[in-house]
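Note that the numbering runs from 1 along the sequence shown for the chain. Every number for a ligand or one of its atoms is a count from 1 in the order of the listing.
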Amino acid sequence: MQTSPELLQPAAARVQIALGDRSYPILIGGDLLRDARTWAPQADRKAFALIVTNTTVDALYAAPLAAALAPHFARVRTLTLPDGEVYKDLAHLNLIFDELLGQEADRRTVLFALGGGVVGDMTGFAAACYMRGVPFVQVPTTLLAQVDSSVGGKTAVNHPLGKNMIGAFYQPQQVVCDLDVLDTLPDREMSAGLAEVIKYGASIDVEFLGWLERHIDALRARDRDALTHAVRRCCEIKASIVGADEKEAGLRAILNLGHTFGHAIEAGMGYGAWLHGEGVGCGMVMAAELSARLGLVSTAFARRIEALVARAGLPVRGPADLPPARYLELMRVDKKAQGGDIRFVLLDGESHAVVRTAPEDVVVDVITTLTAAA
Ligand code: NAD
Ligand code: GLY
């Protein structure tokens with residue numbers, strides 16, 4: 001009797017994304033990346049494995065990952081992209097295709113996305129496009145990528161006129177969240193990841209929101225037990241939503257609390273000036289305030305979200321040099337916009353979200369109130 005590859009894997013928490021024949025596991029634990037057994041499910045001794053990473057993560061984790069993959073593949077190479085949201089574009093996506101074609105990579109090739117959300121989104125999109133689809137694995141190395149971007153199959157690059165506007169839904173074969181790699185993450189990036197963690201509590205799970213209020217300092221200090229719980233709970237919530245609405249026909253949109261304002265800040269300030277998580281953190285404060293002004297949720301709950309975002313080390317005021325008119329212009333190209341109407345994820349109860357339009361004058365007033373003094 002043959003042992004299934006999953007049984008050979010190291011001990012780790014597992015969350016399953018249930019999507020029929022495209023289902024896959026998320027592994028959460030320590031010391032997973034360097035362990036060759038982690039990668040047993042992808043083993044194909046005739047295949048080429050390409051690790052896609054960036055300059056920062058390459059120096060830290062590409063060599064150990066390549067060594068752990070080596071027993072499973074015919075050959076393993078690493079492609080290193082420049083580091084930054086500003087490079088998440090079609091020109092740099094093309095570097096992945098240049099490498100694949102230059103190496104005569106065939107349909108059995110497996111791509112390994114080693115990095116944060118930028119590398120994950122780009123590698124996933126390249127995997128979706130190359131030869132109309134090759135397998136890929138997410139190896140998220142930021143908190144943000146472990147709790148959100150590596151899970152659920154959204155892949156994309158940016159366009160100067162809008163964030164994540166060119167992409168595809170394409171699911172990975174496996175997601176491996178090795179918590180050890182978070183030890184090297186800068187504090188600012190930890191805070192950015194906490195924005196997406198808070199999002200799940202604020203818009204979906206009020207019990208988790210309370211847990212976050214009690215453990216936010218432990219998370220910032222990278223306490224292992226707190227991190228394990230947070231990454232696992234976020235992945236469980238995301239799994240249930242993606243399992244019900246993979247392609248965002250409706251429900252999945254609630255995972256975008258704060259993103260309409262946040263994407264406008266990111267694009268308006270120039271990609272990379274504000275981190276994605278910083279835009280989302282401040283955007284959640286704006287979305288909660290807008291919800292309160294529309295009478296959908298109590299002002300007390302909006303303040304609760306603002307306090308937690310601030311404790312996570314994130315900005316709670318928009319940039320002084322981004323006027324409301326520029327937000328409106330950018331928000332009209334948001335993916336949730338319909339017929340020129342901006343649609344927001346708003347809170348219509350404590351940890352309950354809805355997608356709807358809002359009167360423009362109220363939106364402008366909220367942005368003005370929540371903008372830092374020049
Ligand atoms: P990122 O990928 O730019 O990574 C942040 C920084 O941390 C980079 O400088 C990176 O090199 C560095 N880094 C990564 N891992 C490290 C480690 N272990 N140690 C030290 N440094 C490390 O940013 P991010 O916050 O991970 O992801 C943001 C991106 O994710 C945005 O482009 C956003 O649009 C996308 N996103 C996608 C989804 C989705 O569902 N696909 C969801 C949320 C966000
Ligand atoms: N990050 C939102 C989503 O995956 O739908």
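- For atom 42 (C) of ligand 1, a protein heavy-atom neighbour is present inside the 4.0 Å cut-off.
- With a 4.0 Å cut-off on non-hydrogen atoms, Thr141 touches ligand 1 through its backbone as well as its side chain.
- Between atom CG of residue Leu81 and atom CD1 of residue Ile96 there is a gap of 5.5 Å, rounded to the nearest 0.5 Å.
- Taking any N or O of Glu196, backbone or side chain, none lies under 3.5 Å from an N or O belonging to ligand 1.
- The atoms of ligand 1 that sit less than 4.0 Å from any heavy atom of Tyr61 are 18 (N).
- With a heavy-atom cut-off of 4.0 Å, His259 does not touch ligand 2 at all.
- Close contacts of ligand 1 with Lys163, meaning ligand atoms under 4.0 Å from a residue heavy atom, involve 31 (C), 32 (O), 33 (C), 34 (O).
- No donor-acceptor distance shorter than 3.5 angstrom exists from the side chain of Lys88 to the backbone of Val118, with no hydrogens or angles considered.
- Residues His229 and His215 keep their aromatic ring centres 6.0 Å or farther apart.
- Residue, atom and distance of the protein heavy atom nearest to atom 17 (C) of ligand 1 are Thr184 OG1, 3.5 Å.
- Relative ring orientation between Phe97 and Tyr130 is described as parallel, the plane-to-plane angle staying below 30° on a 0-90° scale split at 30° and 60°.
- In Asn158, neither the side chain nor the backbone holds a heavy atom less than 4.0 Å from any atom of ligand 1.
- Of all the heavy atoms of Leu275, none lies under 4.0 Å from any atom of ligand 1, so neither backbone nor side chain is involved.
- The distance from ligand 1 to the heavy atoms of Asp83 drops below 4.0 Å at these ligand atoms: 8 (C), 9 (O), 10 (C), 11 (O).
- When only non-hydrogen protein atoms are considered, atom 4 (O) of ligand 2 lies nearest to Lys238 NZ, 2.6 Å.
- Aromatic rings from Trp39 and Phe73 are positioned such that their centres are separated by 6.0 Å or more.
- Listed by number with element, the atoms of ligand 1 under 4.0 Å from a non-hydrogen atom of Asn54 are 10 (C), 11 (O).
- Looking at Ser149 and Lys154, their side chains never bring a donor and an acceptor atom within 3.5 Å of each other.
- Selection from Gly117, Gly115, Gly167 by nearest heavy atom to atom 30 (O) of ligand 1 gives Gly117.
- Of the heavy atoms in Leu185, both backbone and side-chain atoms come closer than 4.0 Å to ligand 1.
- Of all the heavy atoms in Leu257 and Ser203, the pair that sits closest is CD2-CB, 3.9 Å.
- Ligand 1 has no atom lying under 4.0 Å from any heavy atom of Glu266.
- Close contacts between ligand 1 and Leu60 involve ligand atoms 19 (N), 20 (C) [criterion: under 4.0 Å to a heavy atom].
- Considering all non-hydrogen atoms of both residues, Asp178 and Leu33 come closest at OD2-N, 2.8 Å.
- At a heavy-atom distance under 4.0 Å, atoms from both the backbone and the side chain of Lys154 approach ligand 1.
- Contact annotation: for Asp121 versus ligand 1, heavy atoms closer than 4.0 Å belong to the side chain alone.
- Scanning the protein heavy atoms around atom 38 (C) of ligand 1, the nearest turns out to be Ser149 CB, 3.2 Å.
- Although no hydrogens or angles enter the test, the distance criterion places no donor-acceptor pair under 3.5 Å between the side chain of Arg220 and the main chain of Ile216.
- When only modelled atom types and interatomic distance are considered, Glu246 and Gln171 share a side-chain donor-acceptor pair under 3.5 Å.
- For Arg252, no nitrogen or oxygen atom sits less than 3.5 Å from a nitrogen or oxygen atom of ligand 1, counting backbone and side chain alike.
- With a 4.0 Å heavy-atom cut-off, ligand 1 is reached by no atom of Arg188.
- For ligand 1, the polar-atom distance check finds an N/O of Val118 within less than 3.5 Å of one of the ligand's N/O atoms.
- Contacts of Asn256 with ligand 2, taken as heavy-atom pairs under 4.0 Å, involve the side chain alone.
- Taking the six-membered ring for Trp and the full ring otherwise, Tyr87 and Tyr271 have centroids separated by 6.0 Å or more.
- Checked by atom type, the side-chain pair Asp58/Thr80 shows a donor-acceptor distance below 3.5 Å.
- Contacts of Asp148 with ligand 2, taken as heavy-atom pairs under 4.0 Å, involve the side chain alone.
- Between Phe208 and Trp211, the ring-plane angle classifies as parallel under the 30° and 60° cut-offs.
- Distances below 4.0 Å separate heavy atoms of Lys238 from the following atoms of ligand 1: 40 (O).
- The ligand atoms of ligand 1 that sit less than 4.0 angstrom from a heavy atom of Val181 are 17 (C), 18 (N).
- In the displayed structure, Arg311 atom CZ is contacted under 6.0 Å by more than 12 heavy atoms of other residues, nucleotides or ligands.
- The structure places CG of Leu143 at 8.0 Å from CG of Leu219, a figure rounded to the nearest 0.5 Å.
- Checking Gln174 against Gln42 by side-chain atom types alone, a donor-acceptor pair falls below 3.5 Å.
- Contact atoms of ligand 1 toward Asn164: 34 (O) (distance under 4.0 Å to a heavy atom of the residue).
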